[in-house]
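Right, one structure below, let's go through it.
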Amino acid sequence: MIRLSLIVLCILFSGCVIDTRERDYPLYSTPRTTQFAPGDEPIEVRISAGEVRIVESEDADFHAELSVFCPAPGSHCAQKLNDLDWQVESTRRGKVVSLQPHGAFAARNADVFITVALPAGIDTHIDMKAGELTASVNSCLTVDMEAGDLRITVPESLLRSASLDVGVG
């Protein structure tokens with residue numbers, strides 16, 4: 001009996017709780033977006049977690065769109081991700097686009113959907129912690145991803161090199 005009580009107490013006080021509720025509450029009334037004209041400078045996109053789709057832009061601008069779904073308006077997810085939005089910085093190496101505040105664990109009970117439209121011919125680096133990334137582009141794309149699924153489609157004529165170092169996913 002004491003052993004069972006200890007196990008129950010350990011489960012109750014462990015910090016790992018999985019929220020199995022449906023995530024069908026849209027956190028924002030419209031997707032959060034950002035757009036800019038990058039010029040010739042490279043772009044770095046930093047994303048903590050989510051389902052990411054990268055496509056070719058229909059114009060010469062960079063576009064990004066964010067949608068988040070939580071279990072309920074008052075959920076932990078909604079409180080943590082309510083302020084999540086795009087931040088664009090100019091650095092000496094180019095533009096850095098990131099979701100702020102940054103943190104993969106904040107999105108663990110959320111469904112995060114991101115669409116990024118890249119202008120043709122702009123070198124882009126994606127720095128992603130976890131999730132699923134699907135890309136179909138006509139420009140140089142490098143991806144640093146810690147865990148998840150990755151699918152990149154480029155025209156064969158643009159492929160210079162490809163390398164893969166897999167840890168998880």
Side-chain angles (χ1 to χ4, degrees), residues 23 26-70 76-169:
R23 291 160 185 84
L27 191 54
Y28 319 121
S29 57
T30 59
R32 298 211 168 151
T33 62
T34 190
Q35 176 181 351
F36 61 88
D40 292 334
E41 57 194 8
I43 300 171
E44 180 176 351
V45 181
R46 297 177 184 164
I47 300 169
S48 55
E51 186 175 315
V52 180
R53 188 172 65 100
I54 299 175
V55 297
E56 198 71 31
S57 178
E58 293 179 5
D59 55 22
D61 289 354
F62 173 95
H63 304 266
E65 180 178 288
L66 165 71
S67 296
V68 177
F69 294 85
C70 292
H76 180 73
C77 160
Q79 294 169 2
K80 286 285 196 188
L81 298 177
N82 191 47
D83 294 331
L84 189 64
D85 207 350
W86 296 105
Q87 178 179 351
V88 179
E89 283 182 84
S90 291
T91 68
R92 58 184 161 81
R93 295 184 313 196
K95 295 276 191 195
V96 176
V97 182
S98 60
L99 285 172
Q100 297 295 330
H102 194 68
F105 286 110
R108 73 177 160 192
N109 288 325
D111 285 338
V112 177
F113 299 98
I114 298 165
T115 301
V116 174
L118 300 175
I122 301 295
D123 291 352
T124 305
H125 177 80
I126 308 294
D127 182 5
M128 186 169 164
K129 301 299 177 215
E132 180 179 328
L133 186 138
T134 304
S136 181
V137 294
N138 289 319
S139 54
C140 182
L141 179 69
T142 59
V143 178
D144 236 340
M145 188 173 184
E146 290 184 17
D149 297 326
L150 175 65
R151 175 176 286 133
I152 299 174
T153 305
V154 296
E156 188 176 342
S157 62
L158 291 179
L159 186 61
R160 290 184 298 214
S161 67
S163 65
L164 179 64
D165 181 9
V166 178
V168 179

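Taken to the nearest 0.5 Å, the CG atom of Leu27 stands 13.5 Å off from the NZ atom of Lys80. Rounded to the nearest 0.5 angstrom, Asp144 CG and Met128 CE are separated by 12.0 Å. Rounding to the nearest 0.5 Å places CG of Leu81 at 10.0 Å from CZ of Arg32. One finds the OG1 atom of Thr153 at 11.5 Å from the CD1 atom of Ile54 (value rounded to the nearest 0.5 Å).
In this structure, Thr124 contributes its side chain and Ile122 its backbone to a donor-acceptor pair below 3.5 Å.
Side-chain polar atoms of Gln100 and Ser98 form a donor-acceptor pair below 3.5 angstrom.
Contact check for Ile152 versus Leu141: side-chain heavy atoms found under the 4.5 Å cut-off. Under the 4.5 Å side-chain criterion, counting only non-hydrogen atoms from C-beta, Leu66 is not in contact with Phe113. The side-chain heavy atoms of Trp86 and Leu99, taken from C-beta on, include a pair separated by under 4.5 Å. Considering only heavy atoms from C-beta on, Val55 comes within 4.5 Å of Arg53 through its side chain. No side-chain heavy atom of Thr33 sits under 4.5 Å from any side-chain heavy atom of His63. In this structure, Tyr28 and Ser67 have side chains that are not in contact, with every pair of non-hydrogen atoms separated by 4.5 Å or more.
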Q: Please test Lys129 against Asp127 for side chain to side chain contact (heavy atoms under 4.5 Å, CB included), starting from the C-alpha separation and ending with a verdict.
A: CA-CA 7 Å; Lys129 301 299 177 215; Asp127 182 5; 3.9 Å; yes
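Taking the side chain to side chain contact (heavy atoms under 4.5 Å, CB included) definition, one finds that Val88 meets it with Thr34, Phe36, Lys95, Val97, sequence neighbours left out. Under the salt bridge (charged side-chain N to carboxylate O under 4.0 Å, His left out) criterion, Glu44 pairs with Arg46, sequence neighbours left out.
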